[in-house]
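Data first, discussion second: the structure below is written as structure tokens.
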Amino acid sequence: GTKSSRIDQIIKWCGGEKFDGLLVFDECHRAKNFQVGEKEDASSKTSKCVIELQNRLPLARVVYASATGVTELGNLAYCERLGLWGEGCPFLNFEAFLKVVS
């Protein structure tokens with residue numbers, strides 16, 4: 001058989017896309033190296049996985065936990081569930097948020 005990726009295993013363990021439980025990203029600052037847009041391929045594996053989990057589990061609630069402060073606003077791209085950018089939010093996307101707030 002085909003070997004499932006770790007992400008696929010986590011999604012299956014959660015019960016699939018209808019999962020509406022809690023995702024806790026402890027030490028979430030490790031996902032800070034997400035590059036938006038054309039540079040996305042340069043993103044870290046951790047940041048890509050955090051984004052993918054949030055996208056594949058759209059009903060999940062999310063907690064971002066870190067004792068490490070944000071040193072650059074660009075490092076918040078993985079925090080998609082803050083409600084600051086996206087559909088129904090003040091900013092269309094992360095790039096728009098970053099442009100106005102920086």
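Numbers here simply count residues along the sequence, with the first being 1.
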Are Glu80 and Asn55 close enough, and set up right, to give a side-chain contact (heavy atoms from CB on, under 4.5 Å), and what steps lead you there? CA-CA 9 Å; Glu80 295 184 329; Asn55 289 338; 3.2 Å; yes

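How far OG of Ser66 is from CG of Asp26: 8.0 Å, rounded to the nearest 0.5 Å. To the nearest 0.5 Å, atom CD of residue Glu27 and atom OG1 of residue Thr46 are 12.0 Å apart. Gln54 CD to Cys49 SG: the interatomic distance, rounded to the nearest 0.5 Å, is 11.5 Å. Separating the NZ atom in Lys32 from the CG atom in Asn75 is a distance of 5.5 Å, to the nearest 0.5 Å. Atom OG of Ser47 is separated from atom CZ of Arg30 by 13.0 Å, given to the nearest 0.5 angstrom. In this structure, Glu17 CD and Leu57 CG are separated by 7.5 Å, a value rounded to the nearest 0.5 Å.
Listed for the Arg61 side chain is a donor-acceptor partner under 3.5 Å among the backbone atoms of Asp20.
Between Leu53 and Phe25, the closest side-chain pair of non-hydrogen atoms falls below 4.5 Å. In this structure the side chain of Leu22 reaches within 4.5 angstrom of the side chain of Val24, judged on heavy atoms. Looking only at side-chain heavy atoms (C-beta outward), Arg81 and Tyr64 come within less than 4.5 Å of each other.
Under the 4.5 Å side-chain contact rule for hydrophobic residues, Ile51 and Leu73 share a cluster. Residues Leu23 and Val63 fall into different hydrophobic clusters, defined by Ile, Leu, Val, Met, Phe, Trp and Tyr side chains chained together at heavy-atom separations under 4.5 Å.
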Run the side-chain donor-acceptor check on residues 90-102: report pairs under 3.5 Å with partners two or more places apart or on a different chain.
unit_1 : atom_1 : unit_2 : atom_2 : d
Asn93  : OD1    : Glu95  : N      : 3.2
Asn93  : OD1    : Ala96  : N      : 2.8
Ser102 : OG     : Leu98  : O      : 2.7

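Checked against Ile11 for a side-chain contact (heavy atoms from CB on, under 4.5 Å), the options Arg56, Glu52, Arg6 give a single hit: Arg56.
Residues passing the ring pair (Phe, Tyr, Trp, His ring centres under 6.0 Å) test with Phe19: none are found, sequence neighbours excluded.
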